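Sharing a structure below in structure tokens format, with a few things to ask.
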Amino acid sequence: MNKFDHKQNEQKWTQKWSETGVYDTPEIKDADAEKMYILDMFPYPSGAGLHVGHVEGYTATDILSRYNRMKGKHVMHPMGWDAFGLPSENYAIKTGIAPRINTDTAIETFTKQMNAVGLSYDWKREIGSHTEEYYKWTQWFFLFLYKKGLAYKKEAPVNWCESCKTSLANEQVIDGKCERCDNEVMQKNMNQWFFKITDYADRLIDGLKKVDWPESTKINQTNWIGRSEGAEVEFQIKNEELKVKIFTTRLDTIFGATFMVISPEHSLIKEITTNEYKHAVENYQNNAKKMTELERTSQKEKTGVFTGSYAVNPYNGKEIPIWVGDFVIATYGTGALMAVPAHDDRDFEFATKFGLNIIPVIDNGIEKLPSHEYGKLINSDEYNGLSSHDAFEKMITKAEKESFGNRKVNYKLRDWLVSRQRYWGCPIPVVYDPEGKPHLVEEKDLPVILPDDVEFLPTGESPLKYHKEFHRRVEEKYGKGWSPEVDTMDTFVDSSWYFLRFADTNNEKEFASKEKMDKWAPVDVYVGGAEHTVLHLMYSRFFTKVLFDNGFVNFDEPFMKLRHQGMILGEDSRKMSKRWGNVINPLDVVDQLGADTLRMYEMFMGPFDQMKPWSTTTIQGVRRFIDRVWNIITGENFIIADKDSIQKVEIELNKLIKKIGEDIEAFKFNTAVSEFMKFINFIEDQKMTKDQVNRFLLTIAPFAPFVAEELWFNINKFDGEFTKSNSIHSQKWPSFDSNLVQDLTVVIGVQINGKVRGEIEINIDDSDEVVKDKAITNENVAKWLESKEIKKFIYVKGKIVNIVI
RNA sequence: GCCGCGGUGGUGGAAUGGUAUACACGACGGACUUAAAAUCCGUUGCCUAAUAAGCUUGAGGGUUCGACUCCCUCCCGCGGCACCA
């Protein structure tokens, strides 16, 4: 058996495709031409190079892109680099190699590897978030958001690792610990820049209705935003002019409020604490301050201290003690809550520990307290007997009328902190005057250039702080005493708009022209890992909505259809990692078995979005399949003259073409590959016409572009000259004849009382009577029917017969 | 704890109301070979002498002529959020 020479062919075709521009994005001149924007989440170019997980997602979008090009759509399928980021900076600290140098090296490697896998990117549209041409516009977005009132600076607590001497992003805090050194993360107040994403909370929830995304991703985002509807109610402090405001979603339970708890950071603590309890409260506050987030949330028991003060319930005038407890979160709601121990777990725990009253006020048929279900009110004076819902309405009406409360919606979502005390990121386009007041850099002066020659000092502070030229630039322009912002932006800012830049990569006047964005955006199909279900996807949606509101784009959701690839595990079913020694390098696979094999194997492994382990034996089977395709088609006398078209082959080929098209569109690549295998099993002892072979090759071309191109070229010759227009990847997707894909005769099962007892061959148009006759006279069926009465006869057309006896 | 996804042969999986186990891997038997590899042919859910009967989609119940598929209860695994009032 001959083998497909993957090494020689892959090298040859990669070069020819690139030279002839087979994958260039077409210019849309014809306004009616249907466009298709297919995008992968752009990768961080790490020194480790491409891994098999990348290849899975990229192969899927590649198949989709090739298929849609063949379907005559104008496809844009670009690739770029999310190049700023911490790993490169850490590597630089360790080795002294500047981030720009190791990043560019990694990009070169990635590009080579992607080409080796046969990915059909339009490299003419390549972008990198670390280039001046790109980050000029990232800075422009900062100015834009500021001008729209959506960027502001304030002092706020940030995650701080004392050992690394740096602030950390939320996503770099794993279970309360620093991801790099495993030290517990502290909260530290710093003056930081924020984007006001909370203004868009409701629209970020509502917009999810109109996109085709995995349900779990939508739910994750909705939960992250954490909208909850309730009420704010003010409680008067007994014997004081002060009021404490609480937030509750269960106003209906307010008659069951037997105490109040406020967070240790609450601003009123000083004023309401009585002398008797002052010492204890201050102690408690100091303790809370010292604790890390992790210590505070992982305490087994509730803790708290009494302030000595009482709050007056506005509904019944009852006085309830005010406690301080660290389970109350200062930044959520009002930082104070009314505790209803009969109907809330935490309040119940707290009340039990400190011997506070527990009064049930909801009858929901559950004996055991605490009970959360809604029900009818009890122990609630004039509200007794009302449903929870009606009571809420009546109570809120009273509160609004007497102005001690109002309806309120709260969100878990916080504004987006974008300042990072790091070097390898996009500089924030802000300068400070001698008084320390911030001023925006003017648009015409962008970009604020990130210097390359920084020193990495062991202090952990932003290296830009000590870069003399970076400061001198500002003083020269603005005057003595002026200084630059030395923090850089979160890399998620870079990736919040990159998909728009692809539409117009060389634009020097705008981040992208409206005309080109209208043509290409939004992204039609977006593929990437499930680890981005919240942050990147939500930030991009936020940016898009701001642009929509300001007339830059005519859509307000950036990614219409989204799919996540499942993680590929090591052969031992563990996550691939150096530690387990189970890492598969896709380039080794390309070298040994070829790119077509790697691509088809990764598609064959299982459902696209599911986690699945690598198998070095199963992939051999896929290589065998590629070799069989090669052997059969190059075999002597396999291809027969056109006039002798074989009907049997024609039917199977038409079915194949139909099924593959459907599977690609449904992201069911695993079943598509098995269909190809079935077809090859079938065709082995058949012959095909040249036209049939061509149509088969066209169908498999998106999956195995190298072997398909080689066979296509060998069969069709083209006078030995390869051009863009005679590439198999420039051809039309074959059509199928719907009359041929419908079987005329089928074999169906005959069941008796639901158990299959025999099978019969029927004509698809056979009448019920004919089928019944065939069924009951069938040998295997007849013996079960002897001396039995047929109670019911069911025939589902072309599917099954069931006889009830 | 809450929310979501999943559980099918020895293994990855197919089938989303109609013949469960397609396709592939592995295993076993055979051909070719001095031999091995490669390749090719056959068998392969369990039980069984059997191509007979019976059993089988995490467990139990229900709806239906018919359930991997729909409904209820429970168990297990994975992911996300997590003292959010």
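Keep in mind the model is a prediction, meaning the values are calculated, not measured. The analysis underlying the following values was restricted to heavy atoms, covering all of them including side chains, and did not include hydrogens, waters or symmetry mates.
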Check the side chains of Ser228(A) and Tyr411(A) for a donor-acceptor pair under 3.5 angstrom, ignoring hydrogens and angles. no

Gap between atoms CG and C1', on Asn681(A) and A24(B) respectively (whole Å):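 Distance check: Asn681(A) CG to A24(B) C1' gives 10 Å.
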
For C5(B), the Watson-Crick or wobble partner whose two distances fall under 3.5 Å: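 The base-pairing partner of C5(B), which may sit in any strand shown, is G77(B).
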
Test ring pair (Phe, Tyr, Trp, His ring centres under 6.0 Å) applied to Phe354(A) - qualifying residues, sequence neighbours left out: Trp323(A), Phe350(A)

Can you tell me whether the side chain of Lys791(A) and the base of C65(B) have a donor-acceptor pair closer than 3.5 Å? no

In the strands shown, is G66(B) matched to any nucleotide by a Watson-Crick or G-U wobble pair with both distances under 3.5 Å, and which? none

Rounded C1' spacing from G79(B) to C41(B) in Å: 46 Å

Taking ring pair (Phe, Tyr, Trp, His ring centres under 6.0 Å) as the test, write out the residues that go with Tyr315(A), two or more places apart.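 Only Phe404(A) meet the ring pair (Phe, Tyr, Trp, His ring centres under 6.0 Å) criterion with Tyr315(A).
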
Partners meeting ring pair (Phe, Tyr, Trp, His ring centres under 6.0 Å) with Trp630(A) (sequence neighbours left out): Phe4(A)

Whole-Å distance separating the CH2 atom of Trp614(A) from the P atom of C25(B): 16 Å

Review item, nucleotides 57-63 of chain B N/O atoms under 3.5 Å of protein N/O:
none

Which nucleotide sits closest to the side chain of Glu684(A): A85(B), A24(B), C41(B)?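 That would be C41(B).
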
Atom-to-atom span, CE of Met567(A) to C1' of G79(B) - whole angstrom: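 Rounded to the whole Å, the gap is 10 Å.
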
Would you kindly say whether Glu759(A) and Asn778(A) are connected by a side-chain donor-acceptor distance under 3.5 Å? no

The salt bridge (charged side-chain N to carboxylate O under 4.0 Å, His left out) partners of Arg227(A) (sequence neighbours excluded) come to Asp202(A), Glu229(A)

Lys799(A): side-chain contact (heavy atoms from CB on, under 4.5 Å) partners, not counting sequence neighbours: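 Here the qualifying residues are Val796(A).
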
Separation of the P atoms in U57(B) and G10(B), to the nearest angstrom: 13 Å

Checking Thr331(A) against Arg414(A): is there a side-chain donor and acceptor pair closer than 3.5 Å? yes

Can you list the residues that meet the ring pair (Phe, Tyr, Trp, His ring centres under 6.0 Å) rule with Tyr601(A), with sequence neighbours excluded?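 Residues passing ring pair (Phe, Tyr, Trp, His ring centres under 6.0 Å) with Tyr601(A): Trp614(A).
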
Contacts to RNA chain B from residues 765-774 of chain A, heavy-atom cutoff under 4.0 Å, which residues?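 Under 4.0 Å from RNA chain B: no residue of residues 765-774 of chain A.
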
Assigned partner base of C83(B), Watson-Crick or wobble definition, under 3.5 Å: none

Suppose we define a pair by two distances each less than 3.5 Å, Watson-Crick or G-U wobble; what does U39(B) pair with here?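 Its partner is A31(B) (Watson-Crick or G-U wobble, both distances under 3.5 Å).
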
Table of protein N/O atoms under 3.5 Å from nucleotides 48-55 of chain B N/O atoms:
{"unit_1": "G54(B)", "atom_1": "OP1", "unit_2": "Arg757(A)", "atom_2": "NH2", "d": "3.2"}
{"unit_1": "G54(B)", "atom_1": "OP2", "unit_2": "Arg757(A)", "atom_2": "NH1", "d": "3.1"}

Roughly, in whole Å, what's the span from OH in Tyr332(A) to C1' in C81(B)?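 It works out to 13 Å between those atoms.
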
Taking only Lys NZ, Arg NE, NH1 and NH2, and the carboxylate oxygens of Asp or Glu, determine whether Asp591(A) and Lys7(A) approach each other closer than 4.0 Å. yes

For C23(B), give the paired nucleotide (Watson-Crick: N1-N3 plus N6-O4 or O6-N4; G-U: N1-O2 and O6-N3; both under 3.5 Å), or none. G12(B)

Please, which pairs that meet side-chain hydrogen bond (donor to acceptor under 3.5 Å, both in side chains) have at least one residue in residues 669-680 of chain A, sequence neighbours excluded? Asp663(A)-Thr671(A), Glu675(A)-Lys678(A)

With under 30° as parallel and over 60° as perpendicular, where do the rings of Phe608(A) and Phe669(A) fit, or are they tilted in between? perpendicular

Atom pairs, N/O to N/O, protein against nucleotides 13-22 of chain B, distance under 3.5 Å?
{"unit_1": "A14(B)", "atom_1": "OP1", "unit_2": "Asn670(A)", "atom_2": "ND2", "d": "2.6"}
{"unit_1": "A15(B)", "atom_1": "OP1", "unit_2": "Lys668(A)", "atom_2": "NZ", "d": "3.2"}
{"unit_1": "U19(B)", "atom_1": "O2", "unit_2": "Glu759(A)", "atom_2": "OE1", "d": "3.2"}
{"unit_1": "U19(B)", "atom_1": "N3", "unit_2": "Glu759(A)", "atom_2": "OE1", "d": "3.2"}
{"unit_1": "U19(B)", "atom_1": "O4", "unit_2": "Val747(A)", "atom_2": "O", "d": "2.4"}
{"unit_1": "A22(B)", "atom_1": "O2'", "unit_2": "Lys678(A)", "atom_2": "NZ", "d": "3.1"}

Test of understanding: with side-chain hydrogen bond (donor to acceptor under 3.5 Å, both in side chains), list the residues that count as partners of Asn287(A), not counting sequence neighbours. none

Would you tell me whether Thr597(A) and His6(A) have side-chain atoms, one donor and one acceptor, within less than 3.5 Å of each other? no

When the C1' atoms of U19(B) and A67(B) are considered, how many whole Å apart are they?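 Straight-line distance between the two C1' atoms is 14 Å.
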
Expressed in angstrom and rounded to an integer, what is the separation of Ile805(A) atom CD1 from G66(B) atom P? 13 Å

